[in-house]
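To start, the structure itself, in structure tokens.
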Amino acid sequence: QRSTSMRSVAFDKKVCFARTFSTRAVSKIAFGMACCGRSGRRTSQRESSSTLPHVRSGVAVREGNTARMEYRALGRTDLRVSRLGMGTAALGMRYGISTPDQDDESPEIPAGLSLVREAVNKGIVFFDTAPAYGESERILGAALSSEPSCVIATKVLLPEGASTMPSDSVESFLRRSLSESRSALGRSVLDVVQIHNAEPSIFRRKVVFDVLEDERSAGAIRFIGATT
């Protein structure tokens with residue numbers, strides 16, 4: 001990956017093992033981890049611990065209730081994340097593929113809160129969201145209000161026509177979006193902010209990176225990334 005002056009996130013497939021899953025998959029993931037460790041053996045209740053992740057040979061393992069989870073560094077950052085992550089688009093919008101016995105409607109808010117908290121109980125500490133995902137940020141913020149150690153990656157979606165918008169308009173939009181994300185998530189600092197529509201025309205706008213870097217320098221963002 002081409003290096004920049006920003007303290008950016010490098011999502012190397014061999015380094016970053018955190019993967020996102022729809023809320024529909026979380027219950028299956030949680031069940032699987034509740035039954036077996038990575039080796040496939042059943043994890044006994046006696047092995048469980050409520051402590052924070054314990055680091056062994058560069059791999060952190062958290063065992064709470066009957067769940068076992070591995071933790072890794074996220075790319076080249078100092079963020080420690082679970083090897084499994086939870087994508088939360090489905091918390092706030094129609095998302096996924098419908099089946100005859102199950103539609104793709106978002107879960108009710110109480111169910112969404114329960115899904116996120118169950119994921120945490122099973123050791124997941126990495127969550128992906130975005131303002132474009134409806135109420136996802138607010139639901140995630142409420143569910144993780146007592147879990148400050150969980151890592152949240154959110155996004156900024158530049159409006160259509162941003163490539164030709166005046167620089168001051170782009171700056172105003174970005175700062176407002178970031179402020180609203182902090183409010184929705186209930187966090188004064190955003191762990192990871194990704195440019196949601198990372199297209200060539202957006203990358204040519206210097207103001208986008210100037211604003212994000214300024215927010216990072218001010219301590220309002222920890223790491224900057226991009227996604228498409």
Side-chain angles (χ1 to χ4, degrees), residues 6-9 11 18 20 22-23 74 77 79 81 85-95 105-113 115-117 119-120 125-199 201-203 205-228:
M6 294 190 306
R7 190 181 181 189
S8 58
V9 176
F11 293 102
T20 58
S22 69
T23 51
L74 178 64
T77 76
L79 298 175
V81 297
M86 179 178 174
T88 61
L91 293 182
M93 61 186 290
R94 294 178 67 93
Y95 189 81
E105 291 287 348
S106 298
E108 296 294 328
I109 290 178
L113 293 171
L115 278 169
V116 174
R117 289 167 180 159
V120 174
V125 298
F126 182 46
F127 297 85
D128 179 83
T129 184
Y133 299 161
E135 291 297 302
S136 172
E137 283 187 319
R138 294 192 183 281
I139 294 173
L140 193 58
L144 300 180
S145 60
S146 60
E147 301 287 347
S149 62
C150 286
V151 175
I152 300 176
T154 191
K155 306 176 185 73
V156 287
L157 179 66
L158 277 295
E160 186 176 352
S163 60
T164 58
M165 286 174 58
S167 293
D168 58 347
S169 296
V170 174
E171 177 177 358
S172 177
F173 177 88
L174 284 170
R175 294 196 189 279
R176 182 171 64 253
S177 178
L178 294 171
S179 176
E180 290 174 353
S181 287
R182 284 190 287 266
S183 177
L185 292 168
R187 297 195 171 195
S188 58
V189 180
L190 300 174
D191 297 317
V192 179
V193 172
Q194 303 162 88
I195 301 171
H196 205 161
N197 48 338
E199 303 168 355
S201 60
I202 298 298
F203 277 98
R205 296 303 308 270
K206 182 175 180 292
V207 62
V208 173
F209 299 98
D210 286 345
V211 170
L212 293 176
E213 178 61 20
D214 182 62
E215 293 270 340
R216 189 200 66 78
S217 297
I221 294 175
R222 297 186 65 187
F223 296 95
I224 301 166
T227 184
T228 58

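Along the sequence shown, residues carry numbers from 1.
Rounded to the nearest 0.5 angstrom, L190 CG and R216 CZ are separated by 13.5 Å. Interatomic distance, CG of L144 versus CG of L113, reported as 9.5 Å (0.5 Å rounding). Atoms CE and CG, on M165 and L158 in that order, are 8.0 Å from each other to the nearest 0.5 Å. Note that CZ of R138 is 8.0 Å distant from CD of E180, once rounded to the nearest 0.5 Å. The distance from the CZ atom of F126 to the CG atom of D191 is 9.0 Å, given to the nearest 0.5 Å. Within the model, atoms CG of L79 and CD1 of I152 stand 11.5 Å from one another, a figure rounded to the nearest 0.5 Å.
Across all non-hydrogen atoms, the minimal contact from I139 to G112 is CG2-C, 4.1 Å. Shown here for R205 and T164, the closest heavy-atom pair between the two residues is NH1-N, 3.9 Å. Closest non-hydrogen pair, V156 versus S177, comes out as CG1-OG, 3.6 Å. Closest non-hydrogen pair, A119 versus M86, comes out as CB-SD, 3.9 Å. Nearest approach of R182 to S188, heavy atoms of both residues: CD-O, 3.1 Å. Across L91 and P107, no two heavy atoms sit closer than the pair CD2-CG, 4.1 Å.
More than 12 heavy atoms of other shown residues, nucleotides or ligands fall within 6.0 angstrom of atom CD1 in I202. Other residues, nucleotides and ligands place no more than 12 heavy atoms under 6.0 Å from the CD atom of E135.
Judged purely by distance below 3.5 Å, without hydrogens or angles, the side chains of R187 and S181 never pair a donor atom with an acceptor atom.
A donor-acceptor pair under 3.5 Å is absent between the side-chain atoms of S183 and the main chain of S179, judged by distance alone. Although no hydrogens or angles enter the test, the distance criterion places no donor-acceptor pair under 3.5 Å between the side chain of T228 and the main chain of N197. K155 places a side-chain N or O within donor-acceptor distance of the main-chain N or O of T129, the cut-off being under 3.5 Å.
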Checklist entry - What do the steps show when you test I224 against F209 for side-chain contact (heavy atoms from CB on, under 4.5 Å), and what is the final call? => result CA-CA 9 Å; I224 301 166; F209 299 98; 5.7 Å; no
Next on the checklist: The test is side-chain contact (heavy atoms from CB on, under 4.5 Å); show your working for L212 and L178 and say whether it passes.
Outcome noted: CA-CA 9 Å; L212 293 176; L178 294 171; 4.2 Å; yes
Next on the checklist: D214 vs D210, test: side-chain contact (heavy atoms from CB on, under 4.5 Å). Steps then yes/no.
Outcome noted: CA-CA 6 Å; D214 182 62; D210 286 345; over 6 Å; no
Next on the checklist: Please determine whether side-chain contact (heavy atoms from CB on, under 4.5 Å) holds for the pair D128 and Q194, giving the CA-CA distance in whole Å, both sets of side-chain angles, and the decisive distance to 0.1 Å.
Outcome noted: CA-CA 10 Å; D128 179 83; Q194 303 162 88; 3.3 Å; yes
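Within the structure, no pair that satisfies the ring-ring contact (aromatic ring centres under 6.0 Å, His included) test touches residues 147-167, not counting sequence neighbours.
Residues S136 and M93 are not in side-chain contact: their nearest non-hydrogen atoms beyond the backbone lie 4.5 Å or more apart.
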